[in-house]
Enquirer: 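What follows is a structure written as structure tokens; I'll ask about it next.
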Number of protein chains: 2
Amino acid sequence: MAAQETIRVLVAEDHHVVRQGLVALLKVVQGIEVVGEAADGVEAIAQFRKCQPNVTLIDLRMPRLSGVEVIQRIRMETPQARFIVLTTYDGDEDIYRALQAGARAYLLKGMTTDDLVSTIRTVHAGKSHIPPAIAQRLAERVGTEELTPREFDVLEQIVHGHSNKEIATALDISEATVKTHINSLLGKLGVTDRTQAATAAIQRGIVPLESLRKPKP
Amino acid sequence: MAAQETIRVLVAEDHHVVRQGLVALLKVVQGIEVVGEAADGVEAIAQFRKCQPNVTLIDLRMPRLSGVEVIQRIRMETPQARFIVLTTYDGDEDIYRALQAGARAYLLKGMTTDDLVSTIRTVHAGKSHIPPAIAQRLAERVGTEELTPREFDVLEQIVHGHSNKEIATALDISEATVKTHINSLLGKLGVTDRTQAATAAIQRGIVPLESLRKPKP
DNA sequence: CCGAATCTCCACCCTTCGATGGAGAATTTT
DNA sequence: AAAATTCTCCATCGAAGGGTGGAGATTCGG
């Protein structure tokens, strides 16, 4: 494998430092060229159209449009587009949704340069590359039922520390109904009480940690 | 301010990509030179001794030795050392401990290049630089009591979703005692039930999210 | 159009949790 | 060494949470 074509890469990542790091790392690599950068989801789509990269490195959490949405939209017009998802924390939901949306690989930001480069090459070659630890977690997720919209509402309230009575008031339903939803979502999450539900929701990224900031002073 | 001496900077950060990004960003800045890099806490101390930087950029979460410990140790032998703390997520505890330990400034990884450069200059000039949002949170923290070791044990168990009975067994105390500790820590955290305690603990970084991975299959 | 599946809702019982009040041991202050 | 503070421990009681079973409403495929 001596003379092969250069892989065109687009870097979509809102953290300046990380984006610069990726660009700097890839600049010294033979056969890979960063042809575009984007700092949010909307920009990512625009840059994709303009640069026509072979592989797109994309952060899941970005302003304006999430990484998952970007992947979905781009794949509607360019189904063969290849994505490598970047994220700091490996929450279950993010992995699942991104891979569902068509991402071929998943990298944590703590990766090594070798990880990065070999993953780009692998994905460009049309193959997928899922780390064992993540593949396992993904497998565990199979068979896990989805939460209904209402159950999700209740879970969100639980994570925010509300009592059943408060939840009932907030959602304008009876307390008994709240309990039913809770019972149902406890089963689906595979936990036995509301505290476990709350930590599971945070850990899996079902309810974002940022939403916890005290909104009632 | 035309001709001023070059600021010598040490970058201590375990994420390769981020470290590379910082170095790349600073490389093009006049008057700032990266004189060393470190990928964990132990290395950070060694590099500090070797490079004698004016300012050290340091991540709080690092292998082997945490950023806070590194700051404490270095300041024992070099009290005038200046630190800028880096972190992805602005948890209360991290901020508090790092500033207690002697850090002069606090930067989120989503910062701009201007933020980075001006903060380095400010800190090198001997001043502190705390973002308003963080200063406010820090102020709120004043008057907040510390958790006792035992209360911390109980809180950790709560976050892991254990019932009072399970906690009693795990810590080898009576269930009634568990309740006392809970009552006490609820007050100190400013919350009203265990679920709020759990989310607060995670959000403030008192109990790390990583510790939630199922450890008993 | 009708059954099947699913979402949403509710009432009852029992367990667990949180509040309160208080006592002995350990640490620090004076 | 005595006093004061703080940590640790415990029992009882009302309130909140979770388990169970079932009913009306909605959506979907045959």
Side-chain angles (χ1 to χ4, degrees), chain A residues 93 141-204 206-207 212 216, chain B residues 93 96 100 141-204 206-207 212 216:
Chain A
E93 292 309 306
R141 203 190 185 293
V142 172
T144 304
E145 296 142 297
E146 285 291 322
L147 264 60
T148 70
R150 209 56 170 166
E151 285 164 359
F152 180 83
D153 292 341
V154 173
L155 177 59
E156 201 168 29
Q157 295 277 326
I158 289 177
V159 173
H160 285 73
H162 295 138
S163 69
N164 289 349
K165 188 179 291 183
E166 290 170 329
I167 297 173
T169 305
L171 301 183
D172 197 37
I173 55 180
S174 93
E175 200 180 332
T177 304
V178 173
K179 290 187 181 184
T180 304
H181 289 309
I182 290 179
N183 228 284
S184 175
L185 69 86
L186 289 182
K188 290 183 181 177
L189 291 177
V191 298
T192 60
D193 60 50
R194 62 171 47 214
T195 303
Q196 290 180 10
T199 55
I202 294 172
Q203 185 220 35
R204 298 200 196 172
I206 299 175
V207 176
L212 289 180
K216 48 168 187 176
Chain B
E93 292 309 306
Y96 179 72
Q100 279 289 42
R141 203 191 186 292
V142 173
T144 304
E145 296 141 297
E146 283 291 322
L147 264 57
T148 70
R150 209 58 171 164
E151 285 164 359
F152 179 82
D153 291 341
V154 173
L155 178 58
E156 202 167 28
Q157 295 277 326
I158 289 176
V159 174
H160 283 73
H162 295 139
S163 69
N164 288 350
K165 188 178 292 183
E166 290 170 330
I167 297 174
T169 304
L171 301 183
D172 198 35
I173 56 181
S174 92
E175 199 180 331
T177 303
V178 174
K179 291 184 180 182
T180 304
H181 289 308
I182 290 179
N183 226 283
S184 176
L185 69 86
L186 289 182
K188 290 181 181 177
L189 292 177
V191 299
T192 60
D193 60 49
R194 62 170 49 213
T195 303
Q196 289 180 12
T199 55
I202 294 172
Q203 185 218 36
R204 296 196 194 176
I206 298 174
V207 176
L212 290 180
K216 48 167 187 176

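The figures here come from the full heavy-atom set of this structure, side chains too, leaving out hydrogens, waters and symmetry mates. Numbered from 1 within each chain, the chains take letters A, B, ... in sequence-line order.
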Enquirer: For residues A:Ala168 and A:Ser174, report the shortest heavy-atom separation together with the two atoms involved.
Expert: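 So the minimum-distance heavy-atom pair works out to CB-C, 3.8 Å.
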Enquirer: Whole Å only: how far is the CG atom of A:Asp193 from the C1' atom of C:dG18?
Expert: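 Computing the A:Asp193:CG to C:dG18:C1' distance gives 15 Å.
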Enquirer: Return the value, rounded to whole Å, for the distance between atom NZ of B:Lys165 and atom P of C:dG18.
Expert: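 So the two atoms are 15 Å apart, to the nearest Å.
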Enquirer: Take the protein atom CG of B:Asp153 and the nucleotide atom C1' of D:dC9, then report the distance between them rounded to whole Å.
Expert: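 Taking CG of B:Asp153 and C1' of D:dC9, I get 15 Å after rounding.
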Enquirer: If you check every side-chain atom of B:Asn183, which of D:dG18, C:dT20, C:dC9 has the closest atom?
Expert: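 Shortest atom-to-atom distance from the side chain points to C:dT20.
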Enquirer: Whole Å only: how far is the CG atom of B:Asn164 from the P atom of D:dA11?
Expert: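 Checked: the CG to P distance equals 14 Å.
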Enquirer: Using salt bridge (Lys or Arg N to Asp or Glu O under 4.0 Å) as the criterion, list what pairs up with B:Glu151, not counting sequence neighbours.
Expert: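 If we apply the salt bridge (Lys or Arg N to Asp or Glu O under 4.0 Å) test to B:Glu151, skipping adjacent residues, the hits are B:Lys188.
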Enquirer: Going by side chain to side chain contact (heavy atoms under 4.5 Å, CB included), B:Arg194 matches just one of B:Val159, B:Ile158, B:Leu155, B:Leu185. Which one?
Expert: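 Of the listed options, the one satisfying the test is B:Ile158.
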Enquirer: For DNA chain C, whose closest nucleotide is more 5', that of A:Pro149 or that of B:Ser163?
Expert: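 Closer to the 5' end of DNA chain C: A:Pro149.
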Enquirer: Near DNA chain D, which residues from residues 170-180 of chain B have a heavy atom under 4.0 Å away?
Expert: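 By residue number: B:Ile173, B:Ser174, B:Ala176, B:Thr177, B:Thr180.
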Enquirer: Of the candidate nucleotides C:dC9, D:dT8, C:dG18, which contains the atom at the shortest distance from the side chain of A:His181?
Expert: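 Nearest to the side chain of A:His181 among the choices is C:dC9.
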Enquirer: Using atom CD of A:Gln196 as one end and atom C1' of C:dC17 as the other, report the distance to the nearest whole Å.
Expert: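 Taking atom C1' of C:dC17 as the reference, CD of A:Gln196 is at 15 Å.
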Enquirer: Can you identify which nucleotide, out of C:dA19, D:dC7, C:dT16, has its nearest atom closest to the B:Thr148 side chain?
Expert: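 It is D:dC7.
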Enquirer: Only one of A:Ile167, A:Ile182, A:Val207 forms a side chain to side chain contact (heavy atoms under 4.5 Å, CB included) with A:Gln157, so which one is it?
Expert: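 Running side chain to side chain contact (heavy atoms under 4.5 Å, CB included) over A:Ile167, A:Ile182, A:Val207 with A:Gln157 returns exactly one hit, A:Ile167.
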Enquirer: Using OP1 and OP2 only, check whether a side-chain N or O of A:Arg150 sits under 4.0 Å from C:dC9.
Expert: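 Yes, such a contact exists.
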Enquirer: Identify the two heavy atoms, one from A:Leu186 and one from A:Ala197, that lie closest to each other, and give their separation to 0.1 Å.
Expert: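 That closest heavy-atom pairing would be CD2-CB, 3.9 Å.
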Enquirer: Rounded to the nearest 0.5 Å, what separates atom CD in B:Gln196 from atom NE2 in A:His162?
Expert: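 Atom-to-atom, B:Gln196:CD and A:His162:NE2 are 7.5 Å apart.
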Enquirer: May I have the distance from B:Ile158 (atom CD1) to C:dT16 (atom C1'), rounded to whole angstrom?
Expert: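 So the CD1-C1' distance, B:Ile158 to C:dT16, works out to 13 Å.
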Enquirer: Can you tell me how far C1' of C:dG18 sits from CG of B:Leu189, to the nearest Å?
Expert: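 Rounding to the nearest Å, CG of B:Leu189 and C1' of C:dG18 are 15 Å apart.
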Enquirer: Please enumerate all residues that pass salt bridge (Lys or Arg N to Asp or Glu O under 4.0 Å) together with B:Asp193, with sequence neighbours excluded.
Expert: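 Salt bridge (Lys or Arg N to Asp or Glu O under 4.0 Å) list for B:Asp193, sorted by chain: empty.
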Enquirer: Output the rounded distance in Å from CZ (A:Arg194) to P (D:dG19).
Expert: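 Whole-Å distance recorded here is 11 Å.
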